[in-house]
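Have a look at the structure below before the remarks.
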Amino acid sequence: MMQLSHIFKDYSNDGVVTKVLHDVSFIIESGEFVSIMGPSGSGKSTLMHIIGFLDRPTSGDYFFQDANVAQFSDDALANLRNERIGFVFQAFHLLPNTTVFENVLLPLMYSSRDESERGNLVNAAIESVGLSHRRDHLSHQLSGGEKQRVAIARALVNEPDFILADEPTGNLDSKSGASIMAILQKLNHEGKTILVVTHENLTAQHAKRIIRIRDGMVEADELVNNHIRAMEKSSESSFQLK
Amino acid sequence: MKFSTVLHTALSGIMTNKLRSLLTISGIVIGITSVILMLSIGQSAQALIISQVASFGSDSLFVEPGNAEEGGPPIGSDFTILKYDAVMKLRSLPTIDRIAPLVWLDASVVSGNKDKRVRIVGTTPDNQDIDNAYPMSGRFFDETELRGRAKVAVLGHKMVDLLFDGEDPVGQRIKINRVNFKIIGVMEEQGTKFFQNLDEQIYIPVTTAQKEVFGVDYVQFASLRAVGDLDIAREDVRYALRDALNINNPDNDPAKDGFRIASQVDAVEIVGVVTNALTLLLSSIAAISLVVGGIGIMNIMLVSVTERTREIGLRKAIGAKKKDITIQFLSEAILLTMTGGVVGILLGLLLAFAFATVVKHFAYSFAFVLPVTAMVSGFLVALFVGLIFGIYPARRAAELDPIEALRYE
């Protein structure tokens, strides 16, 4: 469970204070699929950074599984990022000249997991995004959709409870985008809590709940009655959803 | 992170840009190579000089003209100061038991139809005990022949081949500067002593050399063998020579005597001083080149950190701590400099070995020396350079804000 309570975030630059988040409060329960939606500059990315332990709020409390995040040291936050959440970014952020396997392995290098487990975890994560046949390919040999699937495998490899995706379809064509959303829906179906930050309504409609942010404030927080199911539309033939 | 993981990550970081890594470490390679090369050659040269100096016995004293007590050529002093009779008076000293005043000059030597320029050494029978070298056939000249200025000669070992094609020369006659000499003996093989090949010279009585061959009344050098304490013997020789040469030196200042007395110990000390100065000079040059190399490493590491800002951001987002990032970049820098160090050591050894092999063909017993201390210190210095010049870029990488870093274009 993630609970945000009266979160404020200001940035000051050369004495000019920019208020990015203004009294944001909501709760995300385990197993939810939530879209955080808003136009650019609304503060949705900052919100995701705070939720993902990359940033700290100026004021307000953030409880993660009933623990106040403010009490954690930087190293403890690094451990939380490593073990409890997986990030998916718009720009993929794969390492260049590195194989799919090595990219997915990366989070395990910073974890305390046993060395003998690693190979199996990586292979399982790659398989769950349908890229086993690309395991030993270099990252720059992949298509955009494949790159994002590698990124999802990387987010999954340490078996976190939460997946945080920042505009995961932003750099993709609509077909590849749909396949990415299908994977996220499948993961949600398997019990992962999914948080997608997006400015696209279509992408947001894949979630079960949408939190709309405008000018740093929660504008609306609503359930999606008939959310889009992306699975059948999946276009990339190599990927079949079970 | 495990050590193997750290090593693997650092290695892949370096291998992504092979040419750049190679150029980056070239400064370190050159620095370490020159240190190893110079120190190896220096040690070889030192070993050679010391072995040559040590060929004078440790109980020997040498008297030569010259003012300065500590080395240096006898500038502005009288090189004819050492008169034979005066030097021979040192024989009466209880602390001296052998004495060999020397004159030497290259002279024309004719034997049958052979005419060669050979070093002629005028000396005394005591020369045998001082150099610890004796005739292998025939005999050395004796005191009577010395006093009587006998025209007798003892050949160095190789002269038999050079003048007589290997036939027994004892009893034969040769002409030295057109003066007839009878050969009475051949020396055993001696090798080199202070860079002089003792086997390619001819010994004659010093008295004969002065009167009959060179026409001089002084000697160029005197070798003495001391009994007991060397320093006491040295003082005895100094006072006795002042008396014998009528030198008035009320200040008792050895620099004003006009002659100087040295021993093997002095020579070894001088070699040590020269070698140390040389080592210091080379080390400072090496230190400069290593600092330059280190700055090169730092520069490239800073470029690398900037280029890989997004990678650093990603690593932090997926759980890398500051410590992990610091270690990653620091180990990359250290791996670079250590590779440079190892390559430099191997290259330096190779060049030093090649140098020693070439020099050996030309002269003496110049031997390749494995400069173990230099190798160990070269390796440690390389590691240290990586640490010193890698820490700043590594810290800069670790301090990057992950959010900013991920957005970096």
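These values consider heavy atoms only, across backbone and side chains, with no hydrogens, waters or symmetry-generated copies. By convention in this document, chain letters (A, B, ...) are assigned in the order of the sequence lines, proteins followed by strands, and residues within each chain are numbered from 1. Since the model is a prediction, treat every value here as computed from it, not as a measurement.
The 12-atom threshold is exceeded at CZ of Arg118(A), counting heavy atoms of other residues, nucleotides or ligands nearer than 6.0 Å. By the 6.0 Å contact criterion, CZ on Arg113(A) is enclosed, its count of non-hydrogen atoms from other residues, nucleotides or ligands being greater than 12. Applying the 6.0 Å contact sphere to CZ of Phe26(A) captures more than 12 heavy atoms from other residues, nucleotides or ligands.
Applying the side-chain hydrogen bond (donor to acceptor under 3.5 Å, both in side chains) criterion to Asn123(A), with sequence neighbours excluded, gives Arg135(A).
In this structure, chain B has no heavy atom under 4.5 Å from any part of Glu83(A).
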Arg81(A) and Lys321(B): CA distance, side-chain angles, deciding distance, side chain to side chain contact (heavy atoms under 4.5 Å, CB included) verdict: CA-CA 10 Å; Arg81(A) 290 198 294 271; Lys321(B) 302 178 181 71; over 6 Å; no
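Of all heavy-atom pairs between Ala320(B) and Ala78(A), the closest is O-CB, 4.2 Å. In terms of heavy-atom proximity, Ala317(B) sits nearest to Phe89(A) at CB-CZ, 3.9 Å. When all heavy atoms are compared, the tightest approach of Leu314(B) to Leu95(A) is CD2-CD2, 4.4 Å.
When each of Thr9(B), Asp324(B), Ile318(B) is tested with Met109(A) by the rule side-chain contact (heavy atoms from CB on, under 4.5 Å), just one qualifies, namely Thr9(B).
Interface residues of residues 53-70 of chain A toward chain B, defined by a heavy-atom distance below 4.5 Å and sorted by number: Leu54(A), Asp55(A).
If you take CG on Asn82(A) and NZ on Lys316(B), they are separated by 14.5 Å, rounding to the nearest 0.5 Å. Here the straight-line distance linking atom CE of Met48(A) with atom CD1 of Ile403(B) works out to 8.5 Å at 0.5 Å rounding.
Between Asp75(A) and Lys323(B), the closest side-chain pair of non-hydrogen atoms is not below 4.5 Å.
Side-chain N or O atoms of Arg310(B) include none that pairs as donor or acceptor with a backbone N or O of His93(A) at under 3.5 Å.
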